[in-house]
Amino acid sequence: MALIIDKNLCTGCGSCVDACPFGAMELHDGVAVAGDGCTLCGACVDACPESAIGLDEPAGEQTAQAASGVWVFAEQRQGQAPEVVAELLGQGRKLADELRAELAAVLLGHGVEGLVAPLMSQGADVVYLIDDPRLARFNDDAYADALAALVRDRRPEVLLAGATAIGRSLMPRLATAVATGLTADCTGLAIDRERGLLLQTRPAFGGNIMATIVCPQARPQMATVRPRVMKAALPDAARRGRLERVTLSSDVGGGSAVLEIVAEIEDQVNLTGAEVIVCGGRGVGSAEGFELVRQLARELGGVVGATRGAVDSGWIGHAHQVGQTGRTVAPRLYIGLGVAGAVQHLVGMQSSDTIVAVNKDPQAAIFQAAHYGVVGDLFEVVPAMIARLRQRRGQDQASAADQKC
């Protein structure tokens, strides 16, 4: 983008000099000139009474005026869409309604038409389907080329993708190809109603602050979103949308190629899909102390999580880590044992339906996020919890036996 000043139209009135918030505009020989401090904010463009100043858009970059619609990249692997797609459609529906725009899902692959109806049932007004054998396996080059061509043709205002391995690899390439910005790893999205801009919130400076980022000029406004931080759209089987098939250009797929797919190693710790997570922090004290965490998790039918402090101390493996540098989770029940509540950890579990905290420090930050808090020594509280759970289970089993009799 560049600032263009028409010397034939400029009258040297100085309105742009007064309007520039950075003091970058000057008058030389009665004509406006932009200095090195110009940030291309556009204040001078609005202030010029003669329309002598303008912003030149580079080729391929879309202006805000030309863009419309909210898009969700409907990632799929072997014909299966991850849960984050439903989460993006749920949030995308809200954004599209605020912007009074259409919500679209973009589906790439081969033999994936079976996903079209579910995408519509979860809120998509339209599904753009690019079905081609060259897209059967995910490939950065081919997928980025296909998406870039579609973006240039249809000009969406907002484009969202999951902050998954595929999203993190693909979206930066796409943003570069269409000359726009990208906010990665967002935990919140909203619309600025006055300006119609997408407010993209993400942790910054190691999670110590939450930054809200906007893209005022170029389009689409692009963001990748952490899985499990937004509520998934509930399917409505009666909901209908329209399908638009898009033909893949003949020159797509000439870059890198996938030679072999090896079997994916399944992670034995399914934190993201767990309904119950019992998480241990530094207060657990040792690797041996985590045995108590495991016992409570077993009693509740849940899985074991950990804070970064516990993982860095070597008490448990990184696969169990919850937080900014671990997994983002949203279980029905989260129990934090000896968890202090650092911002980096809270970012990863604050969407849990019910949060229970046990900590002997009444000032621990975790209590600010917890729905229920127990101030006490976890090595006294947890055995009592386990005993009570076993007692109730015994009572339930006895009651069931009585009913059979």
Side-chain angles (χ1 to χ4, degrees), residues 1 21 39-43 46 55 57 61-74 84-106 122-125 151 154-164 167-168 170-172 174-176 178-233 323-324 328 330 343-344 346-351 369:
M1 186 181 295
T39 64
L40 303 176
C41 69
D46 297 333
L55 289 171
E57 304 284 347
E61 184 169 313
Q62 299 181 39
T63 63
Q65 291 78 13
S68 177
V70 177
W71 286 13
V72 167
F73 172 62
V84 70
V85 175
E87 295 165 9
L88 291 171
L89 286 169
Q91 185 64 26
R93 182 72 268 165
K94 297 176 184 177
L95 300 176
D97 289 345
E98 285 203 53
L99 291 169
R100 298 181 180 179
E102 196 172 58
L103 175 63
V106 184
Q122 292 170 332
D125 298 311
V151 166
R154 305 301 174 98
R155 304 192 172 209
E157 187 170 2
V158 173
L159 196 160
L160 309 176
T164 61
R168 287 172 172 164
L170 176 61
M171 290 301 116
L174 177 61
T176 300
V178 298
T180 191
L182 171 66
T183 304
D185 220 21
C186 292
T187 57
L189 298 171
I191 297 296
D192 181 335
R193 294 187 179 182
E194 292 185 4
R195 297 180 292 171
L197 296 176
L198 180 66
L199 303 177
Q200 305 156 81
T201 301
R202 70 177 306 277
F205 294 101
N208 291 308
I209 66 170
M210 300 298 288
T212 298
I213 299 168
V214 296
C215 183
Q217 303 279 341
R219 292 294 181 271
Q221 301 166 88
M222 287 180 55
T224 58
V225 179
R226 284 189 183 186
R228 304 286 287 182
V229 299
M230 296 176 180
K231 297 298 182 183
Q324 183 181 7
T328 299
V343 173
Q344 294 90 333
L346 295 179
V347 164
M349 45 67 69
Q350 60 190 358
S351 296

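In what follows, residues are counted from 1 in the order of the sequence shown.
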Any side-chain heavy-atom pair from P227 and T328 closer than 4.5 angstrom? no
In terms of heavy-atom contacts, A175 and G181 come closest through CB-O, 4.3 Å
Kindly give the heavy-atom pair with the smallest separation between A184 and T224, and that separation in Å. CA-OG1, 3.2 Å
Using a 4.5 Å cut-off on heavy atoms from C-beta on, say whether the side chain of T180 contacts that of V151. no
Applying side-chain contact (heavy atoms from CB on, under 4.5 Å) to D192 and V214, what does each step give before you reach the verdict? CA-CA 9 Å; D192 181 335; V214 296; over 6 Å; no
Closest heavy-atom pair and its distance - M222, Q200: O-OE1, 2.9 Å
Measuring only between side-chain heavy atoms, which start at C-beta, is P203 closer than 4.5 Å to M210? yes
Only one of E102, E157, R154 forms a side-chain contact (heavy atoms from CB on, under 4.5 Å) with W71, so which one is it? R154
Straight-line distance of T201 OG1 to L189 CG, nearest 0.5 Å: 7.5 Å
Looking at every non-hydrogen atom in both residues, tell me the closest pair between V229 and S351 and how far apart they are. O-OG, 3.5 Å
Is the shortest side-chain heavy-atom distance between D125 and R93 below 4.5 Å? yes
Min side-chain heavy-atom separation Q221-L159 under 4.5 Å: no
Distance, nearest 0.5 Å, that separates CD of E87 from CD of Q122: 10.5 Å
Atom pair CG/CG of L160 and L88 - distance to nearest 0.5 Å: 6.0 Å
Heavy atoms, side chains only, cut-off 4.5 Å: are I191 and L198 in contact? yes
Ignoring hydrogens, what is the shortest heavy-atom contact between L346 and A369? Give both atom names and the distance. CD2-CB, 4.0 Å
How far does CG of L197 sit from CD of Q217, to the nearest 0.5 angstrom? 9.5 Å
Between V225 and Q91, is there a side-chain heavy-atom distance shorter than 4.5 Å? no
Take D185 and R168 through the test side-chain contact (heavy atoms from CB on, under 4.5 Å) and record every step on the way to the result. CA-CA 9 Å; D185 220 21; R168 287 172 172 164; 3.1 Å; yes
Main chain of A163, side chain of R226: is a donor-acceptor contact present, judged purely on distance under 3.5 Å? no
Nearest-0.5 Å distance, CD of residue Q344 to CD of residue Q324: 6.0 Å
L170 versus F73: any side-chain heavy-atom pair under 4.5 Å? yes
Between L182 and P172 the two heavy atoms that sit nearest each other are CD2-N, 3.6 Å
